[in-house]
2 protein chains.
Amino acid sequence: MTEQCSHSNIASCTLPSSEQVARLIDQATELCDKRNLRFTRLRRQVLELVCKADQPVGAYHLLDELRESGRSAAPPTVYRALDFLLEQGLVHRLATNNTYLACAHPQQPHAAIFLVCSQCGHTQEVHTGGVIDQLRRQAEQFDFAIEHASVELTGLCSRCRQ
Amino acid sequence: MTEQCSHSNIASCTLPSSEQVARLIDQATELCDKRNLRFTRLRRQVLELVCKADQPVGAYHLLDELRESGRSAAPPTVYRALDFLLEQGLVHRLATNNTYLACAHPQQPHAAIFLVCSQCGHTQEVHTGGVIDQLRRQAEQFDFAIEHASVELTGLCSRCRQ
DNA sequence: AAAATAATGTTATATTATAACATAACAAAC
DNA sequence: GTTTGTTATGTTATAATATAACATTATTTT
Ligand SMILES: [Zn+2]
Ligand SMILES: [Zn+2]
Ligand SMILES: [Zn+2]
Ligand SMILES: [Zn+2]
């Protein structure tokens, strides 16, 4: 997991510290508890793997990691866990490259946009009310009610531009 | 193809008229001519199929239609044609549902956003400089240079809301 | 403890897309 | 107009992503 918080952009290319991962797992535990949902060992393990990755990861990469960890796993194993995490807003899915990444702010529901580096894969989640509001206004002009906004910007990150 | 022009929103749910399809084919012919590219029979046929569809279509749907038309075709047949059309800006690809639709304004390069109805599949291409400009500004704050913006809004279209 | 529910295991298969190499069509050069 | 190089297409196989269907296990409720 990269530091995806738009408020601490400077550290955005550092590797995920174990503290950051632990914090997200704690938040997830609390959140599932609050919602009376089972944060099972499998779901926790998949979230950990997604958090630890320094880039969005594919489902089959997670599957390999689950297997390496000794657990018996097949595609449905990982897809079901990912579906749960997606429903709970703990991870996001990037449609442009079929990958999954941990949400940086799972506590409150939010719309986000993603900056995906086409060179190094580094991906940053940005919470920006402004863009989403403007999209909503645009959609309203067409009498269109947005249920989900997928905004994925592909390009070069600051590091790769230098 | 649906009428995707943001200037004639009212007709957005009408079926594509053969004139509209013919117009887009003409534009494509002219455009390829200008660029010294070969608008072959296959490429024309695939573009026609995409244009005639009243919704974005999947690659394998196009493949079936090619075969029904009597042509020998395999997956690479359609994907290569689609790649060409994508490169030339004649069609767009929707990442959220792996479908392809004809560009409403292939003449000038542009960034577009898509309103995808989750109920009827109707999809509208909207050209809106404002949103893209704001996205670009947001990205600049992170020293990020956008190469491609994928903005796909899923929700209910006006017809399905009633 | 029994019954109901939810989660996971397991096998098979669907869907989307590309690799690799052969053939054919076309364009440029001779 | 034939050779030569280039581009496009045909063809077979396979990769990558995702889901269906049903059996088993774990958890919760009664
Ligand atoms: Zn998030
Ligand atoms: Zn980068
Ligand atoms: Zn367009
Ligand atoms: Zn609709």
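Predicted, not measured: the structure shown is a model, and the values here were computed from it. Numbers restart at 1 for each chain; the letters A, B, ... are given by sequence-line order, proteins then strands.
Proximity of A/R38 to the phosphate of C/dT8: no side-chain N or O atom is located under 4.0 Å from OP1 or OP2.
The two residues B/R67 and B/A74 have their closest heavy-atom pair at NH2-CA, 4.0 Å. Between B/F144 and A/V116 the shortest heavy-atom distance is CZ-O, 3.4 Å. Residues B/A102 and B/E125 approach most closely at O-OE1, 4.0 Å, considering heavy atoms.
One finds the CD atom of A/Q88 at 12.0 Å from the SG atom of A/C103 (value rounded to the nearest 0.5 Å). Of the inter-residue distances, the one linking B/L156 atom CG with B/S118 atom OG reads 4.5 Å to the nearest 0.5 angstrom. Here B/E30 contributes atom CD and B/D26 contributes atom CG; the two are 8.5 Å apart, rounded to the nearest 0.5 Å.
Boundaries of the chain B contact region on DNA chain D are D/dT7 to D/dT12, first to last in 5' to 3' order (nucleotide atom under 4.0 Å from a heavy atom).
Between A/V91 and A/L47 there is a side-chain heavy-atom pair separated by less than 4.5 Å.
Across all strands shown, B/F84 has no heavy atoms under 4.0 Å from either base or sugar-phosphate atoms. Heavy atoms of A/F39 sit nowhere under 4.0 angstrom from any nucleic acid atom. B/R93 comes within contact range of the sugar-phosphate backbone alone, with a heavy-atom separation under 4.0 Å but no base atom that close.
If you run ring-ring contact (aromatic ring centres under 6.0 Å, His included) between B/F114 and each of B/H127, B/H92, B/H122, only B/H92 comes through.
Shown for residues 68-82 of chain A: residues whose heavy atoms fall under 4.0 angstrom of DNA chain D, namely A/P75, A/P76, A/Y79, A/R80.
Straight-line distance from the CZ atom of B/R44 to the P atom of C/dA25: 18 Å, rounded to whole Å. For the pair B/L63 CG and C/dT15 P, the interatomic distance rounds to 13 Å; values are reported in whole Å. One atom, CG of A/L66, and another, P of C/dA7, lie 17 Å apart when rounded to the nearest Å. Regarding B/L37, its CG atom lies at a distance of 16 Å from the P atom of C/dC26, rounded to whole Å.
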Quiz item: Taking it one step at a time, do B/T154 and A/E147 satisfy side-chain hydrogen bond (donor to acceptor under 3.5 Å, both in side chains)?
Solution: CA-CA 6 Å; B/T154 301; A/E147 288 166 353; over 6 Å; no
